[in-house]
Amino acid sequence: MEIASKYDPRAVEEKWYEFWLEKKLFHSEPDNRRAYTVVIPPPNVTGVLHMGHMLNNTIQDVLVRRARMMGKNACWVPGTDHASISTEAKVVKMLSEKGIDKRSLTRDEFLKYAWEWKEKYGGIILKQLRKLGASCDWDRTAFTMDDIRYESVIRVFVDLYNKGLIYRGARMVNWDPQALTAVSDEEVIYKESHGKLFYLKYFVENREQRTENGVLGKDYIVVATTRPETIMGDTAVCVHPEDERYQWLKGKRVIVPGVGRVVPIIMDEYVDREFGTGALKITPAHDINDYNLGLKHSLESINIFNDNGTLNENGGKYAGMDRFACRKAIMKDLEEANLVEKTEDYVNKVGHSERTDAVIEPKLSTQWFVKMSEIAKKALEVVENGRIQFHPEKFKNSYRHWLENIKDWCISRQLWWGHRIPAYYLELGTESGERRTEIIVAVSEDEARKIAKEKYGYTGVLRQDEDVLDTWFSSWLWPISLFDGIRNPDNEEIKYYYPTDDLITAPDIIFFWVARMIMAGEEYRDEVPFKHVYFTGIVRDKLGRKMSKSLGNSPDPIELIEKYGADGVRMGMLLTAPAGNDLPFDESICEQGRNFANKIWNALRLVKGWTVSSELQQSAENAVSIEWMEQRMACVLEQIEKDFEQYRLSEALMSTYKLIWDDFCSWFLEMIKPAYGSPIDRETYNAAIRIFERLMCMLHPFMPFITEEIWHILQTCDENENVAKLGENSSVMMQHMPVSVFFDQRMLDDCDLAREIIAGVRNTRNSKGLSPKEVLDLFVVKGDGVGFNPRFDGIVKKLGNVGTIEYVSEKVDGAVSFMVGTTECFIPLKNKDIDVDAECKKLEEELKYAEGFLASVMKKLGNEKFVNGAPEKVVAVERQKKADAEKKIEALKAQIELLKK
RNA sequence: GGGAGUUUAGCUCAGCUGGUUCAGAGCACUUGCCUUACAAGCAAGGGGUCAUUGGUUCGAAUCCAAUAACUCCCACCA
């Protein structure tokens, strides 16, 4: 059977994914093995796969597949997030394209559309993950709004409310005028924006003037603002109490320009005298600081905006206008009325909504909050004391800072798509005849009714809160709710799978998600939700820009997979992505992965092409080759294990890559490769197949598809032993991961020396323009004990195409030479002139370098302080260097002499 | 404004508690090869004052300080 010389991943990848699914190899049930659990950071249910997901899920898959092969009961739970704001926005948009206005629908009608939308587009992203090879337990696929998760969220809300950790209150919140909802502080992104600073004149009431030494001064105060449209809401002007410039205004009142309202001058130390004119206009309804000052000084609060960011009836002639249009209009009017002193360019930070990018409007409204101070303490502690480890560790700093300065979490959203707040309102008449509203928080309306009756004897209508909860209020329960640990805290699954092991996520949701999961874990399990958090970097393009839809600089992951194969793309991503480092992604990196897959494929072709002889005796070289390869694998395995312990996945992959490409393909296979047309002995062949298999196991977590394909083909190679073990469900992913064993470093060093000699021979050929086919003889000057180990003679002969190797004690005349360490090698050039001059020049350069090196060593050794101060070992090393250098110089000098003769 | 991090070859990055793992790896590059596994390849090779300046030390890429550049996070300066 002819095998194609190019590896084609497409058919292979599809075939094996189907196989894994069919055999349910990703499925996990609690048993007596140790559990290894990962929960997926649930992507937006209506999202599509982007490069960030690719990176994130590749890393998860590597860890999960490796754990599985290490004998653990690996469980990777997939799922999606309902993403309330962005999904609702998408549905609203879809409806408006159909000519349907959300406001014309009832809540139930809208939700029906939303669920339809979710059914249609939801889960595309999970399908895409299969193409990547993700070994998720699909039977466990969850959704943050499915029954179990919904009920868990509601129960937690009720519980926290009863514990006094959730409260309802009127506060200044971040209002998104596009999504028409409040958002949490974390959902506000501050962006630098180039705006203007407007200097407006506020005339003193009755045009009273300042008197300075009997001379009349100004009759107005200038206030600098970036938001002139808010002057309709001004209820004071504030200056610093110690500001000399404004003492004359104490107790006076001023006229808001263009509005005509008279407002007081107040004094407060909050004002920065250096900024602007040192005078601040106060708009309590539309600025958090002004709001606080308003409370302090009992100022009136005038709301001038509608929820959608247009001016309301308090906006006077500007009512109905958008806030930014109003800014222009009002400035024009003020200019005309000569109420503007000047306008400056100004750069400041403006808050934008994370989801809609609309400019956030501070707004006073009644919302639900979670009290954070107490639960934050525990969450900080478990990271500080190492119960949870961050990789890389530097994220501990920002985590700590956030938790130490935490504010209450606004969790209500004025949306319909989400978990509806289980708060019920009832109107009670009181004895004095007034009406009073009571709130009952309960897991269901029935429950609420029961409480209403018991507590208030009320049997009338209950009105449920219209708002839903912040999406993260369900995400923070994810590691628990996935195993139904909220509703059934003692069930077998939660006890077995929780706490999970590793969480892989991007650092931008450390506060949104990671920190809050830790809080929920402590609150509801009294146990951390995971032991390690691996923060991936952000995927950027070649120019260092974040990949985004709007820039169009993000490649389509599915197209990449089609082009390079999932294995190739996985390898490309992993190679450039150490934990926490941003990943400058360039499509061409996937080529390396694709090429690697092809390399392995061709190694298979080579091995498959051999004819095997059971009669043939194993040669000594082959025996040594196998021994060496085994040692080499043990050595690299040790390194890889260390790398995994430290979550250095790219290093682990690189080690595996070099082991396979360099050690296995370039050296080992060449060592044992029989001459064309000749068979290979059975013993060597079987050993090679076993080594190949183990290499596929080692590589499998990184490149699951090709390793599965090759592993299966290898099973058919070793007829004596392996056919029987290929049972129905056999898969490379069910094999044991090879583990490191003791290895003989001396053996590896000896072989390295042999490899260097081979390189020396090849180099000689190259520089002398000799054909690789021409057989050369090699003379090695015997060292004093240490040096070249003749065990490798056969290998040197084979790979260097060397005829004879002789160990001599004298230098060889009429030969080119090279040195490996302190070992001198000579290659006589039969029937060839040696370019004496060139050879001398080369040697003299080497000599010069060696002398320089010796000089620096001598300088060190000549330094008494060094000899006395440095540890014995270090000095001994220097002495050895000196001896080696002297030996080398001597040898070089002798060689030059010889040549010149 | 506060905090954190980064700076090592053309690119992306390793270099732990100072000393033979000390200047490394992969890719890219150069030269020669279509050598019956692989040109998505083989063989060989060339690249770096370890950001700058000082200091500590017998000895610094490594420790300390200052400077510069870049990145990220946090914060209500109108």
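Below, chain A is the first sequence line, B the second, and so on; all start at residue 1.
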Establish, from distance only, whether the side-chain atoms of [X] and [Y] form a donor-acceptor pair under 3.5 Å.
X: A:E344; Y: A:Y199; result: yes
X: A:S184; Y: A:E187; result: yes
X: A:D234; Y: A:Y202; result: yes
X: A:K658; Y: A:T656; result: no
X: A:D268; Y: A:H240; result: no

Donor-acceptor under 3.5 Å (A:D345 side chain, A:K196 main chain): no
Residue whose nearest RNA chain B nucleotide is more 5′ - A:Y7 or A:E186: A:Y7
5′-ward residue of the pair A:R273/A:S398 relative to RNA chain B: A:S398
Close aromatic pair by centroid cut-off 6.0 Å: A:F535 and A:F395: yes
Output field: ring centroids A:Y657/A:F702 closer than 6.0 Å: no
Nearest listed nucleotide, side chain of A:K6, among B:rA37, B:rG19, B:rA40: B:rA40
Candidates B:rA4, B:rG19, B:rA37 - which lies nearest the side chain of A:R605: B:rA37
Could you tell me the separation between the [atom1] atom of [X] and the [atom2] atom of [N], rounded to a whole number of Å?
X: A:D508; N: B:rA4; atom1: CG; atom2: P; value: 22 Å
X: A:D749; N: B:rU21; atom1: CG; atom2: P; value: 12 Å
X: A:F596; N: B:rG41; atom1: CZ; atom2: C1'; value: 15 Å
X: A:E393; N: B:rU6; atom1: CD; atom2: P; value: 12 Å
X: A:L583; N: B:rC13; atom1: CG; atom2: P; value: 9 Å
X: A:I189; N: B:rC72; atom1: CD1; atom2: C1'; value: 13 Å
X: A:M654; N: B:rC27; atom1: CE; atom2: P; value: 7 Å
X: A:W610; N: B:rA37; atom1: CH2; atom2: P; value: 10 Å

Respond yes when some side-chain nitrogen or oxygen of [X] is under 4.0 Å from OP1 or OP2 of [N], and no when none is.
X: A:K773; N: B:rC33; answer: no
X: A:W661; N: B:rC42; answer: yes
X: A:N595; N: B:rG41; answer: yes
X: A:K599; N: B:rC42; answer: yes
X: A:Y657; N: B:rC27; answer: yes
X: A:Y399; N: B:rA4; answer: no

Check: B:rA37 base within 3.5 Å donor-acceptor of A:E670 side chain: yes
Which part of the nucleic acid, if any, lies within contact of [X], taking any heavy atom under 4.0 Å across all strands shown: a base, the sugar-phosphate backbone alone, or nothing?
X: A:A597; value: nothing
X: A:K407; value: sugar-phosphate
X: A:N763; value: sugar-phosphate
X: A:R762; value: sugar-phosphate
X: A:S666; value: sugar-phosphate
X: A:E651; value: sugar-phosphate
X: A:E872; value: nothing
X: A:N348; value: sugar-phosphate
X: A:D272; value: base
X: A:R648; value: sugar-phosphate
X: A:C238; value: nothing
X: A:Y346; value: sugar-phosphate
X: A:K673; value: base
X: A:V271; value: base

[N] and [M]: how far apart are their [atom1] atoms, nearest whole angstrom?
N: B:rA75; M: B:rG59; atom1: C1'; answer: 45 Å
N: B:rU8; M: B:rU62; atom1: P; answer: 13 Å
N: B:rA60; M: B:rU52; atom1: P; answer: 15 Å
N: B:rC63; M: B:rG46; atom1: P; answer: 31 Å
N: B:rU71; M: B:rC13; atom1: P; answer: 14 Å
N: B:rC34; M: B:rC42; atom1: P; answer: 16 Å
N: B:rC50; M: B:rA61; atom1: P; answer: 7 Å
N: B:rG15; M: B:rG24; atom1: C1'; answer: 7 Å

Now, which nucleotide makes the Watson-Crick or G-U wobble pair with [N], with each of the two distances under 3.5 Å?
N: B:rC33; result: B:rG41
N: B:rU56; result: none
N: B:rC77; result: none
N: B:rA68; result: B:rU7
N: B:rG24; result: B:rC13

Parallel, tilted or perpendicular: ring planes of A:F511 versus A:W402, cut at 30 and 60 degrees: parallel
Conformer about C1'-N of B:rU30 - syn within 90° of 0, anti elsewhere: anti
A:D749/A:R746 ion pair, N-O < 4.0 Å: no
